[in-house]
Amino acid sequence: MPPTTKFLLLVSAAAATFALSNGTGTGTAACVPRERDALLAFKRGVTDDPSGRLASWRRGSDCCRWRGIRCSNRTGHVLQLRLGNSYSYFDQEFYTGRTTSLDGQISPSLFSLEHLKHLDLAWNFPYICSNCGHVPKLWGSLKNLRYLNLSNVPVDDDTLLRQLGNLSKLQYLDLSYTTYTIVQPTDFLSLTHLPLLHHLDLGGFNLTMVHDWPRIVNMIPSLQVLYLSGCSLHNANQQLPRLNLTKLERLDLSYNHFDHPSESCWFWNLTSLKYLYLRETFLYGHFPKTLGQMTSLQVFDFSYNKYLDGGPGGIIAPGLMRNLCNLEVLYLEEGLSYGNMAELHESLPHCSSSRLRELYLNGNNITGTLPAGLAQFSSLATLILSDNYMNGPVPTEIGRINDLIILDLRNNNLTGVITEEHFYGFTNLQYIDLSNNFASCQIGPHFPSWLRLLPRADYIDMSDTGITGQLPYWFSTTLSQAIFLNFSHNQISGSLPKNMESMSVNYLYLDRNQITGEIPPLPENLTCFSISNNSLSGRITRSICKTQKLKCLDLRINQLEGEFPQCIKMGNIRSLILSNNMFSGKFPSFLQSTNIKFLDLSRNKFSGRLPEWIGDLMALEYIGLSYNMFSGSIPSSIINLGEMFNFDVAGNRLSGVIPRNLSTLTGMAGQVRYLNVDSNWMEPQFILPVLTKRQELHYKQSFANMSSIDLSLNYLTGVIPEEITSVNGLMNLNISWNYLTGEIPRSIGSMESLESLDLSRNKLCGEIPLSLSNLTYLESLDLSYNNLSGRIPPGSQLDTLYDNYPYMYSGNIGLCGHPLQRNCSRSNNATKLVDGDTKRSARVSDSTLFYLGLGSGFVVGLWVVLCTMLFKKTWRIAYFRLFDKVYDKLYVFLVLTWARLAQKALNLTGKLG
């Protein structure tokens, strides 16, 4: 037999032996019927299989050919069950329900697969605990398991670790976020019975009771990977006389609360470590000298170890990490207590073969200038130095980092001018953020022409960098492939380019510039377009309807006019901000088929009735319709908007009554509201205006905790519905300047979160409810110009409000008691006072009517006489004869009287003479 043939036979035999020993391959051995039945029973326990992963699991077929199943080629026993997913907490699909996760319960039949070596069910059965009871306590029966991954499978079993401690062949164990039961020290100790275990992930377990956890994990010398992230550990400063974890390469202790000096931690002596994660562990003080001896370290994460006041944090001694030549990624985001950029630079690895690829130093209050020596890190792909206090110019040497992909220098005090010389070497740069350097770092002054040197840049943020002049002719072509462009807060003038339609940009922000003219056709892939606070004019053409992917549009504070196009295909819109323009027409009907969340049409010329279908917009959270010309009644369907936290229709022509059943507005529960999980961090954070406390306050969209209802300056009638007091999370209620009658709801004191209440300029009557004094958070109150009566409720809070605004009871002549000057002498004095005031008012009204009637009669009589003389000649002759006779007599009387007076005066003069 030729040597070549012998060699091929030996290779084939070895491959066959390997396949048989590992139970893999494509042999013809059929699965064992008993195990096939067990798998079918497992399938029956699955109530939802959105991706059809178990579709091939059918009776009568070979289970070894089913999806996710691997069998032994020799025996047909099931060796592997792979149904795991790989989601993370940052994947939108998991939170929006668009997942491939199986749902239901884990059937006990699974534990009859006694030959199983590999079991992966990660990120499945998300609701098993609430819907299906506990997973059977039979994990210890899988004696042959080598690999077990139950990550994010909510196994509510306080004996789980104890059972798995009997699986002596186990090598890989991932139980992260499976249970939040407090683990007992004896159960954690059972892991030391696993001599082959090299991968252990217990992220999310509650290990509060396991005080000596380092000693226990030190008893598992085979460990190579140890993840104890978010395990409620409170210290890592135990002393271990001997470290057995000589094979450990990855250690993750992030999101624990150690709160003690870094130097006292036991793990700094693990020189075999390649990955060390200490994010948000509240360690502080100097890094130990032993850190400089961890020469195998590739990734080091010490981010977010500052307290809320900005300190303390880690302190790096000069030159500490100079010899860490294998370090590739260094995360120190908000992890240092202080630092000078020159000193930090000297502490970084200074090796001729430095592998540093990613450097995160943002948010550390770093001072000083950018050193030119950063160019020595030729392998650097990510450089993030944002949110510091660095000053001085940007060195041109930075352009020598040819492999740089991400450059983030935003929010510093950089000075000087950025020119082409800085960017000649950045042929791979894709992400550049130079924004918010207080306009001292000049990018211009004209639009930066050196952007043409960055053909691969798809993220550019140069907001607030002092750019002036117009957008250049090459704007749409050179930046045609960019995904994110932000040139807000500059002094860019002129009009928008006419050829923007060909761009690929998804996010375009040009707010707070001096851009004029009309809006041209926009890129079809546009997701967010914000150009507020400019001088745009003209009408919006129907070309905007081509942007069918548009989610957020902000055109506020411009001079746009006309009707907004009814873009039926713009179904993805989530935020539409058109306030402070001159838009007209009806309420936009195309919104009926959208899931819009933020709508602001205030301060325009919209008119007509508000549609009843507005209550079908179930995702709507913010409604701003103030100061338009809307008429008709408030749609009763608004009570369906359970997510709404702001409803503002002030300054319109609305009439009718206030809708009842407002208790259904659960979105006004007063809780802090954050961005939804499906939001994109590149989307703008709109500033939401709320008129409250006699001033307009502004709240960020991502932190909108101001629940508000403003119905002021309308023509509303009827009473204030009692149900409004059940919206106990409401912080601002303004119903002033209407025609409301009846009394103030007696239970208004149950609105404990109320900070501003304005019921002025209505026709409310009755007494002020005593419960009003229970509103301890109230900062502004106005009840003026109503028909309120009775004693004002006592309370220091109301007294303080009166001191700040002494007009809050004005125009209510029936009110008495402190702090007013009108005393209530008896319990019924207020009533008498009101009766007296009423009688006085009646007397005044009677006298007024008398004189009014007298004057009217005189005027009417005079006109009757004049008109009669005009048409009757005999009356005219008689009148003039009478007038002449009276005139003659009056003349004679005056002449004689004057003569007598003159004679008396003369006689008196003679006597005196």
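All of these numbers come straight from a predicted model, not from anything done at the bench. FYI, the numbering just counts along the sequence from 1.
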Quick check against the 3.5 Å criterion: does Asp458 have a side-chain atom that pairs as donor or acceptor with the backbone of Ile483?
no
Determine whether more than 12 heavy atoms belonging to other residues, nucleotides or ligands lie under 6.0 Å from atom CG of Asn572.
yes
Side-chain H-bond candidate by donor/acceptor type, Ser532 with Asp511, under 3.5 Å:
yes
If only atom types and distance count, is the side chain of Ser463 paired as donor or acceptor with the main-chain N or O of Ser488 below 3.5 Å?
no
Any donor and acceptor pair, going by atom type alone, linking the side chain of Asn364 with main-chain N or O of Leu332 inside 3.5 Å?
yes
Determine whether the aromatic ring centres of residues Phe300 and Tyr277 are separated by less than 6.0 angstrom.
no
Quick one: does Thr478's side chain have a donor or acceptor within less than 3.5 Å of a partner on Trp474's backbone?
yes
Assess, by modelled atom type and distance only, whether the side chains of Asn525 and Ser504 contain a donor and an acceptor separated by less than 3.5 Å.
no
Any donor-acceptor pair under 3.5 Å linking the side chain of Asn305 with the backbone of Gly313?
no
Flag for Asn499-Ser476: side-chain donor and acceptor within less than 3.5 Å
yes
The test is side-chain contact (heavy atoms from CB on, under 4.5 Å); show your working for Ile467 and Gln491 and say whether it passes.
CA-CA 6 Å; Ile467 299 176; Gln491 291 86 47; over 6 Å; no
Residue Gln566 excluded, over 12 heavy atoms near CD under 6.0 Å:
yes
More than 12 non-hydrogen atoms from neighbouring residues, nucleotides or ligands closer than 6.0 Å to CZ on Arg512, yes or no?
no
Will you find, in the side chains of Ser449 and Glu420, an N or O donor that is under 3.5 Å from an N or O acceptor?
yes
